[in-house]
Number of protein chains: 2
Amino acid sequence: MNGNKVKVDCCEVNIIHEDIVKKVRENMPDEDLLYDMADFFRVFGDSTRVKILHVLFQSEMCVCDIAALLNMNQSAISHQLRVLKGARLVKNRREGKVVYYSLDDEHVKQIFDQAMAHLKHK
Amino acid sequence: MNGNKVKVDCCEVNIIHEDIVKKVRENMPDEDLLYDMADFFRVFGDSTRVKILHVLFQSEMCVCDIAALLNMNQSAISHQLRVLKGARLVKNRREGKVVYYSLDDEHVKQIFDQAMAHLKHK
DNA sequence: TGAACATATGAACATATATTCACATGTTCA
DNA sequence: TGAACATGTGAATATATGTTCATATGTTCA
């Protein structure tokens, strides 16, 4: 008896295993948290930002040095640093005209390592 | 003497700290690997996929149950499961007409936990 | 075999997003 | 103060991506 088929009002989807669905639904995290997680990961989902983070793993750096290193113009880097800062992944400090960026998170490295492990494993 | 200013040919960016840039450049991972990392993270950067993964943390599930659980149509879920499978994050097995999906990775949970820690920390 | 059902998939559409360009802001130093 | 320089940012553009719709595929069972 693992569940009758039931029409859901909104979108004509059959539920085959009603008991499992009910159980899982009760244990789902808060909707907002799931959105925040997706937003957080989206920040890593761009190669320019991944490169910037890798650079900052190695050394604090100013904007124009990063731009030169990645062969991109300063504006593009600045835009992406803004995104990274918005996600609280980097912080910056000003020294005269130069702004230095560095990592502002203790989890990023571990997340990267896990991802690396995944990519290299299979 | 930490570096003369040098014009880079391609995009008019000044290098302020030539020594640091040189050092970091030598230690950068392979270009392809960085692209793969971004691709990998991009998979997590969508709330539907995040939800699906959370569902599968709790239980193996068939497509239509996931669709009902997330209040989305079957097609959307199927498309996203394809993406997740392409990233080798989920696997599936067929049992008659029903296809069951489950996690196919030991790193995802840890990556999610790190992300959660980041989001909750500050 | 053919109807019913679960899932997969191509095309179309709407939306999101990265980069570039032009220019604004803020700092130093003569 | 004004020139030079490093960085920030709004607008525009091109591209990528998620969802829907319609339909195809594959399975079961009468």
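As the structure is a prediction and not an experimental result, all values here were calculated from the model. Just so it is clear: chains get the letters A, B, ... in the order the sequence lines come, proteins before strands, and each one is counted from 1.
The phosphate of dT19(C) (OP1 or OP2) has a side-chain N or O of Gln80(A) nearer than 4.0 angstrom. For Arg82(B), a side-chain nitrogen or oxygen approaches OP1 or OP2 of dT9(C) to under 4.0 Å. Remark: Asn14(B) is in phosphate contact with dA6(D), judged by side-chain N or O atoms under 4.0 Å from OP1 or OP2. Side-chain N/O atoms of Tyr101(B) include one lying less than 4.0 angstrom from OP1 or OP2 on dA8(C).
Shown here are the salt bridge (charged side-chain N to carboxylate O under 4.0 Å, His left out) partners of Glu26(B), two or more places apart in sequence or in another chain: there are none.
The CZ-P distance, from Arg93(B) to dT27(D), rounds to 15 Å in whole Å. Ile77(B) places its CD1 atom 11 Å from the P atom of dA8(C), with the value rounded to the nearest Å. In this entry the distance linking CG of Asp65(A) with P of dA6(D) reads 10 Å, nearest Å. Met72(B) places its CE atom 12 Å from the P atom of dC21(D), with the value rounded to the nearest Å. Between Gln74(A) atom CD and dC23(C) atom P the separation is 16 Å, expressed in whole Å.
Judged by ring centres under 5.5 Å apart and planes tilted less than 30 degrees, His79(B) stacks against the six-membered base ring of dT9(C).
Using Watson-Crick or G-U wobble geometry with both donor-acceptor distances under 3.5 Å, dT20(D) finds its partner in dA11(C).
Exactly one of His54(B), His118(B), His107(B) qualifies for a ring-ring contact (aromatic ring centres under 6.0 Å, His included) with Phe112(B). That residue is His54(B).
Within 4.0 Å of Tyr100(B), counting heavy atoms only, lies no atom of the nucleic acid at all.
A heavy-atom distance below 4.0 Å to DNA chain D is reached by these residues of residues 40-56 of chain B, ordered by number: Arg42(B), Asp46(B), Thr48(B), Arg49(B).
Listed nucleotides: dC21(D), dG8(D), dA6(D). Nearest to the side chain of Lys97(A): dA6(D).
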